[in-house]
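Every chain is numbered from 1 and lettered A, B, ... according to where its sequence line falls, protein lines coming before strand lines.
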Amino acid sequence: MTSTILRALSPWLLLALLFALAPQAFPSASALTMMSVMGVMIIFALSYNILLGQTGLLSFGHAVYYGLGGFVTIHAMNAIIHAKLNLPAPFLPLIGGLAGLAFGALFGLVSTKRAGIVFSMISLGLGELVSSSSFILRSFFGGEEGITTNRTKLAPFFGHKFGPQIEVYYLVAVWCFVCIVAMYALTRTPFGRMCNAVRDNPERAEFIGYSPRMLRFISFCFAAFFAGVAGGLAVLNFEIMNAQQLGAQQSSLVLVMAYVGGAGFFFGPIIGAVIMTFLQITLSDLTSAWQLYFGLLFIAVVLYAPGGVAGWLMLHAEAARRGELWRLAPAYALIAPAFAAGLIGAVMIVELAHHLFDQALDEGSAMRLFGVDVDAASMAPWLVALLLLGAGIGLGRLLWPRVGDAWGVVAARLNRAAAA
Amino acid sequence: MSAALSLVDLHKSFGLTQIIRGLSLEVAAGERHAIIGPNGAGKSTLFHLISGRLKPTSGEIRLNGERIGGLRPYEINRRGLARSFQVTNIFPKLSVYENLRCAALWSLGHKYSFWTRIEGLRDARARAESLMERIGLTARRDAPAGVLSYAEQRALEIGVTIAGDADVIMLDEPTAGMNNTETEQAVALIRKVTEGKTLVMVEHDMGVVFGLADRISVLVYGQIIACDTPARIRENDAVREAYLGQAGH
Amino acid sequence: MRARLLEVGDLHAYYGKSHILHGATFSVGEGEIVSLLGRNGVGRSTTIKAIMGDVPPKGSIRFKGEQIAGLKPHQIARKGLGYVPETRDIFPALTVRQNLMLGEKGGKGARRWTMPDMFGMFPRLEERADTPGGVLSGGEQQMLTICRTLMGDPDLIMIDEPTEGLSPLMVEHVGRLLEEIAKRGVAILLVEQKLAIALRISKRLYVMGHGKIVYEGTPAALEAASAIRKEWLEV
Amino acid sequence: DDTIKIGYIDPLSGGGASVGEGGLKTFQYLAEQINAAGGLNGKKVEIVGLDNKTNAQESLIQAQKAADQGIRIITQGNGSSVGVALSDWVTKFNDRNPGKEMLYLNYAAVDPVLTNDKCSYWHFRWDANSDIKMAALTTYLKDRPNVKKIYLINQDYSFGQSVRTQARAMLKEKRPDIEIVGDELHPLLKITDFSPYIAKIKASGADAVITGNWGQDIALLLKAAADAGLQTDWYTYYAGGAGGPTAIKQTGLSHRVFQINEGLPNSAPAAAQKFETDFRAKVGIGLWYPRAVNEMRMLAMAITQAKADDAKSVAAQLEGMSTEALDGDPATMRKDDHQLFQDIYIGSFGPLDPGAKFDEEGTGWGWKTQGVVKGADTILPTTCKMERP
Amino acid sequence: MLQLVIFSTLNGVLYGMLLFMMASGLTLIFSMMGVLNFAHASFYMLGAYFGFEISRRLGFWPSFFVAPLLVGALGALVERYGLRRVHKFGHVSELLFTFGLAFIIEELTQMFWGKLPVDYRVPPSLDFVAFRLLDTTYPAYRMFMLLTAIAMFVFLLAILTRTRIGLIVQAALTHPDTVAMLGHNVPRIFMIVFGVGAALAGLAGVIAGPALVTQPSMASSLGPILFVVIVVGGLGSLQGAFFASLLIGVVQTFAVAMNYSLAEAFGANAPPLLGDLWQVTIAQLAPIIPYALLVLMLILRPTGLMGTRET
Ligand SMILES: Nc1ncnc2c1ncn2[C@@H]1O[C@H](COP(=O)(O)OP(=O)(O)OP(=O)(O)O)[C@@H](O)[C@H]1O
Ligand SMILES: Nc1ncnc2c1ncn2[C@@H]1O[C@H](COP(=O)(O)OP(=O)(O)OP(=O)(O)O)[C@@H](O)[C@H]1O
Ligand SMILES: [Mg+2]
Ligand SMILES: [Mg+2]
């Protein structure tokens, strides 16, 4: 009995441990900032998945609730500071959540009547309306500059004033952990299951006693609440809120996070939020063509891993659990060099082209590529790149059937094991 | 006997086309009632009207004496009426077990509850499992409903309908697509689960109709031309001409 | 022996890893009505789908002497094969008339069937001609699928459970229709649950078991072969 | 450590990248010049480009990254929202990390609040803020009696708003006889067809338009005006921004488009013209930001004078520093609010006069000086109450 | 007043037709294939850049014909090697695919043509004043745009009503296999439809490029307004999109002409709650009117102006 409880709890303990120890591994202030942002984004992406993954609602305007939650939080925060109330920082995200909930209830009322394209388009329209009105309602949204605040002016919490990033990190981590658990629990309730049913077949759900509209509405409210919490946390982290945070870009970012991570799995959006945040912040340091890579990566996921990263992981986890993973190893080992060659070739081509077209005018065509000095206008690097890419694609095509066969064997064994 | 379901002068038109044209019918509580009639006569439409999928143009529908015309399907379902569909209508991505459990949830009182763990609901599990047993799908417990064979899906359709334990059960061509054996099993199942309940069904398989029904209504062009016991219906010339043809013999 | 319109030899088919057809061999002659009988789930629908290229076939499928295994469904259809699926697959957003129009394949030349023919056979469809297919009654949809396929002017039409959901009178009607179709020179491969009809109208029949053909004969012969019936058809 | 790193936080990808990259190249050019002359206190200067994607939050992350790399001086210019966020962040950062102070040098974020209500000891601005520019423009208009009816059209956000209110206030004071015949706000970067606005301007009978529009909003506005045959003068802040000259040339509005600037190469002294020529030869674009030159020169002065490059010492030097700006005029960093004051030029865009050397974006058209407003005439009071460490 | 009405109507119609021109290909793809093509505006941008590139080498008229064909071919390739793969994963995947594509196209455009606007001009043959109305000139090029938009409308209407392609694609949305088994080559038709849609976007780009600003951000800034047009018009309805474009064009143009605000109507002192709203003029609100229209329309009439379906 205790062992089963322990088994059920172990992923959570592990997660908590991970949250607790991460700063030991990455102690720099910018790493802490990044991890704090990841925490915020994890909540945000999971809240989005209540809509997309659980209830089948594709929203183009989820950032509205994140942003409005943030704005209400920051105003409340400034008012609290002004009135010298004794409400310390850790409680503020709750205000964001409640604000998100309130706006979610308001807008949900008009948008959850239907699902599908109608819902998506209403969310798009509402998103545009809210973000456009941010320029009109200047006193609330603070115009272009937004609203700033200072978290250290809040009442201290057991002596902590949350000046140093590490304290903010732990605050985010605790909230993030709690929200993950809460949202996970939500998927395991009758309500969560009925959301799945409504996603699959809203009409039939209506004939077994549930109002699809009501279910969509409630799930919309939950999503807005957690998005608001994320917005509130973002305020504590950045100490600024502006209209960009509720715009289309933020809305599509969260969609991308949920999808790339894998909307079909509870933990998918967590992975998506971590990966996308990391890439967003660091990729631009490595290459100025980062948006191109971003787009290519994204398309690759859509084309080749429709279940997202989580889907891919689950496939292997299943094999690993049954001890079948090693059967894939030879095939993977064979194809890995081809994959690497193709990847390097592709990156070279992008970088060469980028340099040649974008920067050669004023900097000349000489550049450094993978630590080697090359001339982007000369033949040699292009030849190498094309060769690598060609070899990668050619070998990949040649060898891919082996991976397929290996998977066939594994799948057959897994099926047999499942049947038994 | 009190009427479980009573329809008074019901009309339904789509645009200019009248489909149901002044239909009145009483189904007594505990009765097994079959509705037969030519293709396109309006049988499924009638089901849609009663179950709330369509709104009547005029007329009155009462369930256990209460007016339900114009209510939403879930409101009608909560008042104790469940129906199946002629075209299979289940939750394709959920497993067989999940389909049945979901269908049972509301009637067991687990409404929009987001504080209980679904795995902890013994009653829902027990109901889903016993149903799965009865419709013969236990072996396919975790298969997504969408990959079941046609006949299996038809069985699940019935399962989802009866899972909520409603008093009035309406089945639209429950045995279509089943072979003789399966049909026999389905008839036995229907007989068993509607024990003490009211059943209204549409069916073209005369074996099933004559085997199950206490009374039969014949719907032709949106009107009931006869409503009687199976034996009398079989003898009815008008019915034979409009519907039965050779099969009546 | 007459030239065989359709000759299927050693046909295998799979759904993913599960092996459904295990080497079915049979043939249909021109203008002939042939029934494929068998218990539920033996693979009769799969056989038709494999011939249409909807399920990847392994083995030989010759139509008008030409190998068609491996072709795309639309190419197979254009060679003169028609298919009426058991799931009907009416295009719900299109009207009855548009559904019928989609049955036509384009191309010129005289056709055996026209839209008025269809409406003549099923007046009910004409009444509903401008209604979306999705709201038709079950029986009406069944009529529409058959007509839609006929509009493509096939030389061989493969029909899966044509009488499902039809009223007893309509079942008779469809039976007569099938005979009429055959009379106009179109061969029929019929998969039908209702034995009575199948036995009455077909000229020859095959019985399937375990994904293979286990019996071939005339209806009369099958009536006589009660052992076969007992083993492969009744339960 | 033998380099002084300056973090350049501006968009290097996405919509704003064209401007951001131009700035980066300018700063890199300036750093090279300093290094060629032996560096500062024996140290080399390095510009570290940090892509903020024109996003305030992202800028803060980048600033944090800069701090982690040991960068103590950051510079930024594009977008006042980013400017305000950075100024606020740097101030808090310095509060919370004594001994690691950072300095924020602003070369183009013109929102007046940065040197008024939200001023910071750690922020210095080299660009004239939008109020100062308006002061210069209205002073210039004082001597242009032919301007009688003015139409205001601006983007509907804080900058456009402040252009509009300041124009109204300052015109009322300096040219009370001018009639404001229209005052329009339109959404930022959302209009594809300005014809309706042009119709309104036309109907109003305006003889001049004042606009703070930038980017496609100025290009499309001028195109629509040219299409409709509208004959007015255009007093702008940013008609000369990246891509602007090309667009004006397309409309054929010769010397009808004016811009407020801190220096125009065609009328600059020889030294500045030489700088411009060298710069263009090396970088391939015109010098959009003469103020960046001023910024780097003053920074170099401050570092050498202080013999240190930590933020505290440099800030103390910069406060109140007076020097000669790129085009030879006096420039002063006002101590009260860290705003630089210098002479402001009003130029018009059209075919180059004989002898003029510099065209823009290869159009063959260039800027011609129409008037100069002395720095002293642009001095505005500030509401800044600076907290000094 | 009369003058204002005349100008606003004229400008509104012109703007509306510009919108329609840009949205027509999207309507085609969205209504027929059910794909919310986020890359549509990118094809439009490519059209403008191709147009620029070809017209500076060969002149405007060759580019008018060649550039859309190139964009169309590109669209067909995208369908063949991208969309077709993701089709089976459902609409969300298709949408995200086009979303990522938009990213890539913008990046590549920046790479090849730089980040600054290019100098794409109205061809001399069309660079004259068409007519003059009460002292305002209307350039011939805008009339040319108007005519092209109408021609596109007629062309699409013909495709949709005179051919069976529309039926085939619509049927294939629910039952692709069945359509194939009736003898129609569904994948090829999808490819053609997508190609034609992309080509229409390309054509819009070639024409709008000189009139607007040809720059890498032109795609994203065109943004969701195109979706507004086709949704307000009603999914699956070309006529709807046409009228919605006109409606939005005219409404927005008239709104711009109106300077009324609550402050003007009820006095300058705002009730405390309304704050900023009090001062806002209708003209300021003009650009968000389409979105308000979108939301209202979908709440009250989910099928749009003339549509018949919701998905
Ligand atoms: N929404 C609708 N719009 C127009 N006509 C409709 C609609 N729904 C149903 N109909 C028409 O109403 C008639 C009755 O259909 P219904 O489905 O009730 O028949 P049915 O008696 O169930 O027939 P079957 O036995 O074939 O299933 C049909 O002709 C059908 O086309
Ligand atoms: N898409 C599918 N995926 C996996 N298995 C399938 C699929 N379709 C059918 N099957 C299986 O293949 C077998 C043969 O199916 P098929 O539909 O050909 O049978 P049938 O003889 O036509 O039976 P019925 O009388 O039920 O129509 C059945 O066991 C069925 O469960
Ligand atoms: Mg029916
Ligand atoms: Mg079958």
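Without hydrogens or angle criteria, B/Arg78 side chain to A/Gly209 main chain gives a donor-acceptor distance under 3.5 Å. Side chain of B/Asn77 to main chain of A/Tyr210: no donor-acceptor pair is present (N/O by atom type, distance under 3.5 Å, no hydrogens or angles). Put simply, the side chain of A/Asn201 never gets that close to the backbone of B/Phe91: no donor and acceptor are under 3.5 Å apart.
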Exercise. Stepwise, does the side-chain contact (heavy atoms from CB on, under 4.5 Å) test hold for A/Phe191 with B/Ser113?
Worked result: CA-CA 5 Å; A/Phe191 164 77; B/Ser113 76; 5.6 Å; no
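Residues A/Arg204 and B/Ser84 share a closest heavy-atom pair of NH2-CA, 4.4 Å. A/Ile208 and B/Val160 get closest at one heavy-atom pair: CG2-CG1, 4.0 Å. When every heavy atom of B/Asn89 is checked against every heavy atom of A/Glu203, the shortest pair comes out as ND2-OE1, 3.0 Å.
Annotation: cation-pi geometry satisfied between B/Arg83 and A/Phe207 (NZ/CZ under 6.0 angstrom from ring centroid, within 45° of ring axis).
Remark: A/Arg188 CZ to B/Glu119 CD distance equals 5.5 Å, nearest 0.5 Å. Taken from CG in A/Leu215 to OH in B/Tyr112, the straight-line distance is 5.0 Å, to the nearest 0.5 Å.
Looking at B/Glu75, neither its backbone nor its side chain comes within 4.5 Å of chain A, counting heavy atoms on both sides. Both the backbone and the side chain of A/Ala205 come within contact range of chain B, with heavy atoms under 4.5 Å apart. With a 4.5 angstrom heavy-atom cutoff, B/Ser107 does not touch chain A via any of its atoms.
Your options are B/Thr161, B/Leu121, B/Leu105, and the one with the most heavy-atom pairs under 4.5 Å with chain A is B/Leu105.
Within the 4.5 Å cutoff, no side-chain heavy atoms of A/Thr189 are placed close to those of B/Arg117. Taking the side chain as every heavy atom from C-beta outward, A/Pro190 and B/Phe114 never approach each other to under 4.5 Å. Side-chain atoms of B/Cys102 and A/Met194, non-hydrogen and from C-beta on, do get closer than 4.5 Å to each other.
Looking at B/Arg53 and A/Glu206, no side-chain N of the basic residue comes within less than 4.0 Å of a carboxylate O on the acidic one, giving no salt bridge.
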